[in-house]
Q: 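The following block contains the structure, expressed as structure tokens.
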Amino acid sequence: MKAMTLTAYGETAKFEAADLPKPEPTTGHVVVRIAASSVNTVDTMIRAMGSDLPLSPALPAVLGMDFAGVVEAVGEGVNQFSVGDEVYGCAGGLADLPGALAEFMLADARLIAHKPKSISMREAAAMPLVGITAYEGLERAGITAGQKVLVQGGAGGVGHVALQLAKHFGADVYATGTGDKQMDVIKGYGATPIDFAAQKIADYVSEYTDGAGFDLIFDSVGGANMTNSFEAAALNANIATTVGLLELDLSPAHFKGLSLHIVFMLLPMLSNQGREKHGAILTELAEIVDAGALKPLLDDTVFDLDTVGDAYDRLTSGQAIGKVVIDV
């Protein structure tokens, strides 16, 4: 089978075509004929950082975590999928798990689900990592109907899904971004846009919450931005963040009694613990998608296996609006 491999790591590392053996089904796994794969920030970090990132696979490496495709073969013990089923998931491209930048992929059946019926393979391939991350973060932060929810980075890959899911769960949703394109994306999903570059935190907290602060904040920006989330939060609010890789003074969180939830959705793949939870979330997300309450945003550029490097560069350029998808 054709696969795109890395034989070296680095920011400018080139993907090279290789002819690899087609995987055989093993117990608890399925072989998927890949139709599309999307690029996530963690994929680009693996390419750039290599062994400096503990989850990077050994070289030569086949990257690609997210995918959508068709079940080609089924291993022993797999009862929920059959040959010909359309599926999607986030199941490889890190550690010792082969990735989706290939014509076929071996995937743990616990990490996948039947693809949403109402969207394309390309759209489905854009969903798994960001969808699971958004769902888990909102769930762990205890989202309930009627809350005022702020999504930091509402036009981003994770943020635009968190925004839609929060609305689906009945929240009153606001989201930060900047620039006309991001503002339009946020408004298009039915949330109130906040231009963080033009409006002070105290001002929008006063305008939209009467100064009380937001009940729940989903911070897909994280890092130093968490201090902004602390400032925007109500007393005893919950904050879910996807980026907690920093040293931070938690005094502001202490004096507001905030609860902080760090979401690292790759843990089940890395630890082989709780993988069935990801399959269950993907099943729930498919139902939400088919009910019309969730739709992924795709960048308008098109890539294939021969232009994988360009797809990675598109994401790291910061110019993409929506998920970057590769046709396989």
Side-chain angles (χ1 to χ4, degrees), residues 116 127-178 182-196 199 201-222 225-226 228-244 253 256-263 265 277 280-297 322:
M127 285 285 300
L129 186 146
V130 295
I132 293 169
T133 301
Y135 189 101
E136 181 183 351
L138 292 171
E139 181 182 59
R140 287 175 56 189
I143 190 167
T144 58
Q147 287 182 315
K148 285 187 178 291
V149 172
L150 175 66
V151 177
Q152 300 272 28
V158 175
H160 87 283
V161 177
L163 184 163
Q164 294 176 77
L165 287 176
K167 285 189 63 64
H168 171 71
F169 292 134
D172 182 15
V173 184
Y174 304 79
T176 62
T178 191
Q182 292 189 15
M183 296 292 100
D184 288 344
V185 167
I186 292 167
K187 283 189 289 187
Y189 285 121
T192 300
I194 298 170
D195 189 334
F196 67 83
Q199 195 167 15
I201 298 169
D203 291 339
Y204 66 72
V205 166
S206 175
E207 180 178 356
Y208 297 122
T209 73
D210 293 328
F214 294 91
D215 304 307
L216 187 157
I217 297 177
F218 190 107
D219 190 347
S220 68
V221 179
N225 190 68
M226 274 198 284
N228 297 329
S229 293
F230 295 163
E231 183 179 347
L235 300 181
N236 298 312
N238 283 273
I239 297 174
T241 182
T242 60
V243 187
K256 282 189 171 182
L258 305 180
S259 295
L260 181 63
H261 308 268
I262 308 292
V263 182
M265 69 78 63
K277 175 68 171 178
I281 292 175
L282 288 171
T283 298
E284 175 69 16
L285 289 173
E287 294 176 0
I288 295 172
V289 169
D290 287 338
L294 174 61
K295 188 174 179 63
L297 176 66

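Side chains included, hydrogens not; waters and symmetry mates left out as well; all remaining heavy atoms used.
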Q: Could you tell me which non-hydrogen atom of H168 sits nearest to which non-hydrogen atom of A293, and how far apart they are?
A: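 Smallest interatomic distance, heavy atoms only, reads ND1-CB, 3.6 Å.
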Q: Using a 4.5 Å cut-off on heavy atoms from C-beta on, say whether the side chain of V263 contacts that of T241.
A: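 They are not in side-chain contact.
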Q: Is D172 reaching over with its side chain to a backbone N or O of K148, donor-acceptor style, under 3.5 angstrom?
A: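 Checked: no pair found.
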Q: Can you tell me how far apart CD1 (I201) and OG (S229) are? Round to the nearest 0.5 Å.
A: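 The OG atom of S229 is 8.0 Å from CD1 of I201, to the nearest 0.5 Å.
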Q: What distance separates N236 CG from D215 CG, expressed to the nearest 0.5 Å?
A: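 Rounded to the nearest 0.5 Å, the CG-CG separation comes out at 10.5 Å.
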Q: Could you tell me whether the side chain of E284 and the main chain of A280 form a donor-acceptor pair under 3.5 Å?
A: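 It does not hold such a pair.
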Q: With the side chain counted from C-beta on, respond yes when I194 and I186 share a heavy-atom pair under 4.5 Å apart, and no when they do not.
A: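 Side-chain contact under 4.5 Å: no.
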Q: Compare every heavy atom of F214 with every heavy atom of V149, then report the nearest pair and how far apart it is.
A: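 Taking every non-hydrogen atom into account, C-CD2, 4.1 Å.
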Q: Within the structure provided, determine whether V151 and Y174 are in side-chain contact (heavy-atom separation under 4.5 Å).
A: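 A side-chain contact under 4.5 Å is absent here.
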Q: Do side-chain atoms of T209 reach the backbone of V205 as a donor and acceptor pair under 3.5 angstrom?
A: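 Indeed, once roles are kept as given, a pair shorter than 3.5 Å links the two residues.
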Q: Does the side chain of V289 come within less than 4.5 Å of K295's, by heavy atoms?
A: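 No - every pair of side-chain heavy atoms lies 4.5 Å or more apart.
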Q: Output yes when a side-chain donor or acceptor of K256 lies under 3.5 Å from a complementary backbone atom of A233, and no otherwise.
A: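 A pair under 3.5 Å: yes.
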Q: Using side-chain heavy atoms (C-beta onward) and a distance below 4.5 Å, is L129 in contact with M265?
A: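 Yes, side chains in contact.
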Q: If the test is side-chain hydrogen bond (donor to acceptor under 3.5 Å, both in side chains), which one of H261, Q147, R140 qualifies with N238?
A: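 Passing option: H261.
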Q: To the nearest 0.5 angstrom, please state how far the CD1 atom of I239 sits from the CG atom of L260.
A: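 Reported to 0.5 Å precision, the distance equals 6.5 Å.
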Q: Give me the ring orientation class for H160 and Y189: parallel if the planes are under 30° apart, tilted from 30 to 60°, perpendicular past 60°.
A: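 Geometry flag for Y189 against H160: tilted rings.
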Q: Measure from the side-chain N and O atoms of D210 to the backbone N and O of A212, and report whether any donor-acceptor pair falls under 3.5 Å.
A: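 Not at all, since once roles are kept as given, no pair shorter than 3.5 Å links the two residues.
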Q: Could E139 and K277 be called an ion pair, given the rule that one side-chain N must be under 4.0 Å from one carboxylate O?
A: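 A salt bridge is present here (some side-chain N lies under 4.0 Å from a carboxylate O).
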Q: How far does CE of M127 sit from CD1 of I288, to the nearest 0.5 angstrom?
A: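 It is 8.0 Å, given to the nearest 0.5 Å.
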Q: Does either side chain, that of Q152 or that of T176, offer a donor lying less than 3.5 Å from an acceptor on the other one?
A: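 Yes - a donor-acceptor pair under 3.5 Å links their side chains.
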Q: What are the two closest non-hydrogen atoms of L150 and A232, and how far apart are they?
A: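 For L150 versus A232, the nearest heavy atoms are CD2-CB, 4.0 Å.
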Q: Out of L165, V158, L163, which one pairs with V161 under the side-chain contact (heavy atoms from CB on, under 4.5 Å) rule?
A: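 Among L165, V158, L163, the one that satisfies the side-chain contact (heavy atoms from CB on, under 4.5 Å) with V161 is L165.
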Q: Do the side chains of D219 and N225 get nearer than 4.5 Å, heavy atoms only?
A: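 Side-chain contact under 4.5 Å: yes.
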Q: Could you tell me if the side chain of L297 sits less than 4.5 Å from the side chain of V185, heavy atoms only?
A: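 A side-chain contact exists here, since the closest heavy-atom pair is under 4.5 Å.
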Q: What are the two closest heavy atoms between A240 and G137, and how far apart are they?
A: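 Closest heavy-atom pair between A240 and G137: CB-O, 3.6 Å.
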Q: What heavy-atom pair brings P193 and M183 nearest, and what distance separates the two atoms?
A: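 Nearest heavy atoms, P193 then M183: CB-SD, 3.6 Å.
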Q: Does any part of the side chain of L285, heavy atoms only, come nearer than 4.5 Å to the side chain of Y135, both counted from C-beta?
A: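 They are in side-chain contact.
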